[in-house]
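One structure below.
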Amino acid sequence: MDFKDYYETLGLKRGATDKEIRSAYRKLARKYHPDVNPGNKEAEARFKEINEANEVLSDPEKRRRYDTLGSDWQRYAQQAPGQPGGGFRVEYQGGDGGDFSDFFRTIFGDLGGGGRPGARGGRGDRGGVNLEDLLGGGGGLGGRQARSRGDDVQAGVEITLEEAFAGARKTFTMEMDEPCPTCHGSGNVGGKPCTTCGGTGWQRGRRQLDVKIPAGVKTGQRVRVAGEGTGVGGGRGDLYLAVTVAPHPLFERTGDDIQLELPITAPEAALGANVEVPTLRGKVSMKIPPATSSGRTFRLPAYGMPRVRTSGGGSGDQLVKVKIVMPSDLTTAERELYEKLKTLRSDNPRAYLG
């Protein structure tokens with residue numbers, strides 16, 4: 001297993017700011033995105049490396065851990081994932097999570113979100129989920145619950161913006177230390193050490209879960225899966241999945257709205273045009289009126305993110321900001337036309353600057 005230099009992957013120096021990381025990721029993601037390079041396996045592999053680097057460097061906790069590894073990373077990788085009763089690992093089967101390298105899984109596989117547990121649901125909640133805001137703070141999920149109930153477990157899940165828009169199902173294989181089903185965590189049966197767990201009271205358990213991620217979820221929110229934490233029988237705790245929505249190379253989310261910068265030509269801006277605009281629902285036609293200036297924003301109602309049920313339903317809007325793009329080289333005929341246009345217009349748009 002080789003060390004991954006995530007800064008080098010994004011073309012950055014250590015100490016890069018969050019803004020520099022976002023900018024580098026968006027630039028490289030656009031360049032190597034599979035939609036831009038159909039059938040190009042090399043570009044697809046590079047795109048996965050870029051996503052993994054961004055996953056680490058854009059997350060404060062992961063970045064802090066990565067920055068402290070140094071030459072000692074191999075010793076860290078050999079440490080146990082957790083103490084009995086607290087260690088767990090989440091493996092992704094299918095989807096984008098399966099694209100992470102062995103290095104990522106080894107160093108960051110235990111990291112998840114934190115926050116405040118939500119209201120508890122019924123036992124029939126396995127397929128359905130409850131969503132709540134992650135309000136911050138570190139307490140609540142990892143501590144020992146009452147003896148009749150197991151611990152809650154927290155883990156992180158990253159999804160694409162498309163998955164956040166439409167909703168998704170994620171399959172996980174979870175490994176965690178759970179109370180021994182024979183001695184129920186006591187470590188002994190009839191006054192003698194339990195032969196099932198060797199007297200430790202714990203056994204390594206493995207479960208496969210299929211979890212529904214609701215449409216409209218945003219970074220910092222949690223999905224609760226009732227009865228899938230540690231414990232045995234009806235005394236299991238809950239599983240909390242802290243959601244991270246990966247940055248998109250084209251769209252940027254602001255609340256429930258989606259923002260897009262749309263390039264248009266100078267003739268389209270001057271004369272008006274009907275142009276195709278990408279949205280999370282697919283391409284739509286939008287009218288550019290004559291005499292449109294660069295930076296003007298148009299609104300596509302209800303083409304934003306769906307609002308989760310707790311927010312009253314409905315959808316946000318898509319805000320399309322146009323940007324006039326000039327050709328890098330003008331032909332002789334084009335230059336003559338622009339020279340003629342220059343003589344026809346004498347107004348100064350900078351006059352108000354004094």
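Atom set for the values below is all heavy atoms of this structure, side chains included, hydrogens, waters and symmetry mates excluded.
By the 4.0 Å N-to-carboxylate-O rule, K170 lies close enough to E163 to be salt-bridged with it. Ion pairing between a basic and an acidic side chain is recognised when a charged N comes within 4.0 Å of a carboxylate O; K48 and E52 show no such pairing. Ion pair R63/D18 flagged as a salt bridge, since at least one NZ, NE, NH1 or NH2 atom sits closer than 4.0 Å to an Asp/Glu carboxylate oxygen.
When all heavy atoms are compared, the tightest approach of E55 to S58 is O-OG, 4.0 Å. The shortest non-hydrogen separation linking A24 to L12 is CB-CD2, 3.9 Å. Closest of all the heavy-atom pairs between D238 and A226 is OD1-CA, 3.4 Å.
Annotation: cation-pi pair R46/Y32 present, NZ/CZ under 6.0 Å from the ring centroid and within 45° of its normal.
Linking ILVMFWY residues whenever their side-chain heavy atoms come closer than 4.5 Å, directly or via other members, places Y338 and I324 in the same cluster. Hydrophobic clustering (side-chain heavy atoms under 4.5 Å, transitive across Ile, Leu, Val, Met, Phe, Trp, Tyr) keeps M286 apart from L319. Hydrophobic clustering places L161 together with V284 (ILVMFWY residues linked when any side-chain heavy atoms are closer than 4.5 Å, directly or through intermediates). In terms of hydrophobic clustering, with Ile, Leu, Val, Met, Phe, Trp and Tyr side chains grouped at heavy-atom distances under 4.5 Å, M326 and L337 are assigned to different clusters.
Within a 6.0 Å sphere centred on CZ of R335, heavy atoms belonging to other residues, nucleotides or ligands number 12 at most. The number of heavy-atom neighbours closer than 6.0 Å to CD of E334, taken from other residues, nucleotides and ligands shown, is above 12. The environment of CZ in R299 is sparse: at most 12 heavy-atom neighbours from other residues, nucleotides or ligands sit within 6.0 Å.
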List the steps and the verdict of side chain to side chain contact (heavy atoms under 4.5 Å, CB included) for N188 and C194.
CA-CA 4 Å; N188 66 85; C194 176; 5.7 Å; no
For the pair T244 and V157, evaluate side chain to side chain contact (heavy atoms under 4.5 Å, CB included) and give the outcome as yes or no after the intermediate values.
CA-CA 6 Å; T244 298; V157 57; over 6 Å; no
Give the intermediate values and the outcome of side chain to side chain contact (heavy atoms under 4.5 Å, CB included) for residues T297 and V320.
CA-CA 5 Å; T297 299; V320 183; 5.9 Å; no
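Within the 3.5 Å criterion, the main-chain N or O of P278 finds a donor-acceptor partner in the side chain of Q318. Under the 3.5 Å distance criterion, the side-chain polar atoms of T254 are left unmatched by any main-chain donor or acceptor of D257. Remark: the backbone N or O of N40 is not paired with any side-chain donor or acceptor of N37 at under 3.5 angstrom. Judged by distance alone, with hydrogens and angles left aside, the side-chain atoms of D317 form a donor-acceptor pair with the main-chain N or O of A302 at under 3.5 Å. A distance-only check finds a donor-acceptor pair linking the side chain of E268 to the backbone of T265 [under 3.5 Å]. A distance-only check finds a donor-acceptor pair linking the side chain of T219 to the backbone of V245 [under 3.5 Å].
Atom CG of L250 sits about 7.0 Å away from atom CG of L260, to the nearest 0.5 Å. How far CD1 of I159 is from CD1 of I213: 6.0 Å, rounded to the nearest 0.5 Å. Taking OG from S315 and CG from L280, the interatomic distance works out to 10.5 Å, rounded to the nearest 0.5 Å. Q203 contributes atom CD, which lies 4.5 Å from atom SG of C180 (distance to the nearest 0.5 angstrom). In this structure, CG in L10 is found 6.0 Å from CG in L57, a value given to the nearest 0.5 Å. Between R253 atom CZ and H248 atom NE2 the span is 13.0 Å, to the nearest 0.5 Å.
When only modelled atom types and interatomic distance are considered, Y25 and N51 share a side-chain donor-acceptor pair under 3.5 Å.
In this structure, H33 and F47 have perpendicular ring planes: the angle between them is above 60°, well past the 30° mark.
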